[in-house]
Amino acid sequence: MEEIKNYINGTLAAPVTDHYLDNIEPATGKVYSKLPDSGADDVAQAVAAARQATAAWAAMPAEARAAIMTKIAGLIDRDREALARAESIDNGKPIALARTVDIPRAAANFRFYAAAIINASTAAHVSPDKGVNYTVREPVGIAGCISPWNLPLYLFTWKIAPALAAGNCVVAKPSEITPMTAFLLSRLCIEAGLPPGVLNIVHGLGPKVGQAIVAHPDIPAISFTGGTATGRHIATVAAPMFKKLSLELGGKNPNIIFADSNFEEALATTLRSSFANQGQICLCGSRIYVQQAIYATFLAAFTDKVKAMQVGDPLAEATQTGAVVSEAHMQKVLSYIKLATAEGGKIEAGGHQVKVEGRCANGYFIQPTLITGLDETCRTNQEEIFGPVVTVQPFETEEEVIALANSTNYGLSATVWTENLQRGHRVAAALKAGIVWVNCWLVRDLRTPFGGMKQSGVGREGGEEALNFFTEAKNICIKV
Ligand code: NDP
């Protein structure tokens, strides 16, 4: 059975305690590899390696750093099929999704930030007769990057790439639930010639490894993506240490469909935005609001499509819905479906676990689930479920749906469907969300700021925002 290793100081290393955890394949419920059960000692070794590597990496010309990062991107492309398979097994997601979204986007993260750092510039402000101010940006030193299980390699590299490009060394922790692609990345980094200590990957549990990274005094910046409760805890540890903190947290995203929308496009994309990756994308729309005039027609057409979704082995090409990530997560999602019924909801489609035949007989599968009849105040419509469960509600007016959409503590993303240009702008402006898609979903441009409002997070990733996060601005003023 494969034993995942930590990646510290350029080598693959066993954890200090030599203790390993089970890595379970969610589609089968079977242990298929082992991962290090690391702790504060391993993190201390990683920080020591990073400390040693920091000066040389920061002093390396941006072009040279970019060349290594571009090489890593090329190796991810080369190994795309193997990485997609590993991610599908680790996470339960359909292999087609891993192949077309997660893995290419991981390569794109390295390529984008390699190009960004070569093209980065800083400002100068000239005050005639007084002075010239110019801004320099210095790397923070060592960055701590902690990522979740839903888009394992994509979100891991989304943090690591800008941190490295900006001249930092990194101590990173992937989710303990999906460690395999981060392990494969460490092998690619060795192959690409990344200098030892520049990137260190420590595997293990959040409360041990994650906590040690967040609390380490030599790591001045923490970039975290995960649940809101974990983010709140991390803030309590990091804030008194005056660390830079970027928190990308949960969501409960509204998907608003006006009667004047392109019905077929809204329908097809809503199927994806509701259930892609088993609804385990922080940007999935889990509250669907449909204007009364088309509510019945939409609900009937949508219910048919949801019922027809293929649930099955994530490694089968035809599978649209794979396994949810773990047994514990499956139980959590099923408990929310039960809660929705208790709150007066009507299950229009799904609502139960699915038994898949063959090798996946003991896997964690849930039928895509559609619920109606709930109001916006109930827990089902307020709390993040993070699974293949959506609610559908009718609305009459623009004002009403804006209030419904903004009624949760979250503010990550929103989707609006309308053919009326003014309405698209108007509603997008009124929604409290860090990203609003009008007539599309999950269209991403890496140059744009990314992050949530309210309890969906603090700070922004993406483009220049990420390079700024991983650097300190310094103003130098010269008298003229
Ligand atoms: P968690 O918050 O449980 O975990 C995220 C990461 O933090 C994991 O690596 C976890 O390790 C680690 N961790 C756990 N406890 C601590 C701690 N005390 N100190 C430091 N690190 C810790 O989230 P999930 O992995 O369950 O991911 C799902 C969540 O992520 C959802 O809420 C989703 O909305 C959110 N998310 C947000 C995105 C965004 O961009 N806003 C994007 C994607 C997901 P371990 O796995 O070992 O527990």
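Atoms within each ligand, like the ligands themselves, are counted from 1 in listed order. Worth saying up front: this structure is predicted, and the values here are computed from it rather than measured.
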| said: Checking the N or O distance criterion of under 3.5 Å, is ligand 1 in contact with Ser175? | reply: yes
| said: Can you tell me which residue among Tyr364, Trp149, Phe365 is in a ring pair (Phe, Tyr, Trp, His ring centres under 6.0 Å) with His329? | reply: Trp149
| said: Minimum heavy-atom separation for Gly322 and Gln278, please, with both atom names. | reply: N-OE1, 2.8 Å
| query | Can you list the ligand 1 atoms lying under 4.0 Å from a non-hydrogen atom of His233? | reply | 18 (N)
| task | Measure the distance from atom 7 (O) of ligand 1 to every protein heavy atom, then report the residue, atom name and distance (to 0.1 Å) of the closest one. | result | Phe224 CE1, 3.1 Å
| field | Gln280-Asn91 side chain donor-acceptor pair, cut-off 3.5 Å | value | no
| message | Closer than 4.0 Å to some heavy atom of Leu412 - which atoms of ligand 1 meet that? | response | 41 (N)
| query | Looking at ligand 1, does any of its N/O atoms fall within less than 3.5 Å of an N/O of Lys173? | reply | yes
| salt bridge (charged side-chain N to carboxylate O under 4.0 Å, His left out) between Arg359 and Glu25, intermediate numbers included | CA-CA 11 Å; Arg359 80 172 196 105; Glu25 178 181 6; 3.0 Å; yes
| request: Taking ring pair (Phe, Tyr, Trp, His ring centres under 6.0 Å) as the test, write out the residues that go with Phe302, two or more places apart. | output: Phe298
| task | Report, in ascending order of atom number, the atoms of ligand 1 lying under 4.0 Å from any heavy atom of Ile146. | result | 6 (C), 7 (O), 9 (O), 12 (C), 20 (C), 21 (N)
| Atoms of ligand 1, numbered as shown, that sit under 4.0 Å from any heavy atom of Leu155 | 42 (C), 43 (C)
| request: Just need the protein heavy atom nearest to atom 40 (O) of ligand 1, so name the residue and atom and give the distance. | output: Phe450 CE2, 3.3 Å
| note | If we number the atoms of ligand 1 from 1 as shown, the ones under 4.0 Å from a heavy atom of Gly227 are 1 (P), 2 (O), 23 (O), 29 (C), 30 (O), 32 (O)
| message | Between Arg379 and Glu343 (salt bridge meaning N to carboxylate O under 4.0 Å), is one present in this structure? | response | no
| How far is atom 38 (C) of ligand 1 from its nearest protein heavy atom, and which residue and atom name does that atom have? | Cys282 SG, 3.0 Å
| message | Below 4.0 Å from ligand 1: does a non-hydrogen atom of Gly204 turn up there or not? | response | yes
| query | Between the side chains of Thr270 and Asn255, does any donor sit under 3.5 Å from an acceptor? | reply | yes
| Heavy-atom nearest neighbour in the protein, as seen from atom 19 (N) of ligand 1, with distance rounded to 0.1 Å | Gln211 N, 3.4 Å
| task | Evaluate the side chain to side chain contact (heavy atoms under 4.5 Å, CB included) criterion for residues Ile219 and Lys243: first the C-alpha distance (whole Å), next the side-chain angles of each, then the deciding distance (0.1 Å), finally the verdict. | result | CA-CA 8 Å; Ile219 302 181; Lys243 296 193 177 205; 4.1 Å; yes
| query | Where is the nearest protein heavy atom to atom 41 (N) of ligand 1: which residue, which atom, and how far? | reply | Leu249 O, 2.7 Å
Donor-acceptor list for residues 446-457 side chains, cut-off 3.5 Å, not counting sequence neighbours:
| residue | atom | partner | partner atom | Å |
| --- | --- | --- | --- | --- |
| Arg447 | NE | Asp445 | OD1 | 3.0 |
| Arg447 | NE | Asp445 | OD2 | 3.4 |
| Arg447 | NH2 | Asp445 | OD2 | 2.7 |
| Thr448 | OG1 | Arg444 | NH1 | 3.3 |
| Thr448 | OG1 | Asp445 | O | 2.7 |
| Lys454 | NZ | Asn406 | O | 3.1 |
| Lys454 | NZ | Thr408 | O | 2.7 |
| Gln455 | OE1 | Arg232 | NH2 | 3.2 |
| Ser456 | OG | Gly250 | O | 2.6 |
| Ser456 | OG | Gly411 | N | 2.9 |
| Ser456 | OG | Leu412 | N | 3.2 |

| Which of these passes side chain to side chain donor-acceptor pair (under 3.5 Å) with Lys159: Ser246, Ser223, Ser147? | Ser223
| request: State whether a side-chain donor-acceptor pair under 3.5 Å links Asp90 with Asn23. | output: yes
| field | SB check Glu81 Arg99 (cutoff 4.0 Å) | value | yes
| request: Give yes or no for whether the N/O distance cutoff of 3.5 Å, strictly under, is met between Ile177 and ligand 1. | output: no
| field | Among Ser147, Gly226, Gly210, closest by any non-hydrogen atom to atom 8 (C) of ligand 1 | value | Ser147
| task | Quick one: look at Val209 and ligand 1, take heavy-atom pairs under 4.0 Å, and tell me if it's side chain, backbone, both or neither. | result | neither
| In the protein, what heavy atom is nearest to atom 32 (O) of ligand 1, and what distance, to one decimal place, separates them? | Glu384 OE1, 2.6 Å
| note | protein heavy-atom neighbour closest to atom 3 (O) of ligand 1 works out as Thr230 OG1, 3.8 Å
| message | List ligand 1 atoms under 4.0 Å from Leu205, heavy atoms only on the residue side. | response | 47 (O)
| message | To check your reading of the model: name the closest protein heavy atom to atom 24 (P) of ligand 1, its residue, and the distance in Å. | response | Trp149 NE1, 3.3 Å
| field | Arg187 vs Asp79, salt bridge (charged side-chain N to carboxylate O under 4.0 Å, His left out): CA-CA, chis, key distance, verdict | value | CA-CA 11 Å; Arg187 284 190 178 149; Asp79 289 357; over 6 Å; no
| For Ile234 and ligand 1, does the shortest N/O to N/O distance drop below 3.5 Å? | no
| How does Asn150 reach ligand 1, if at all, at less than 4.0 Å between non-hydrogen atoms: by side chain, backbone, both, or neither? | side chain
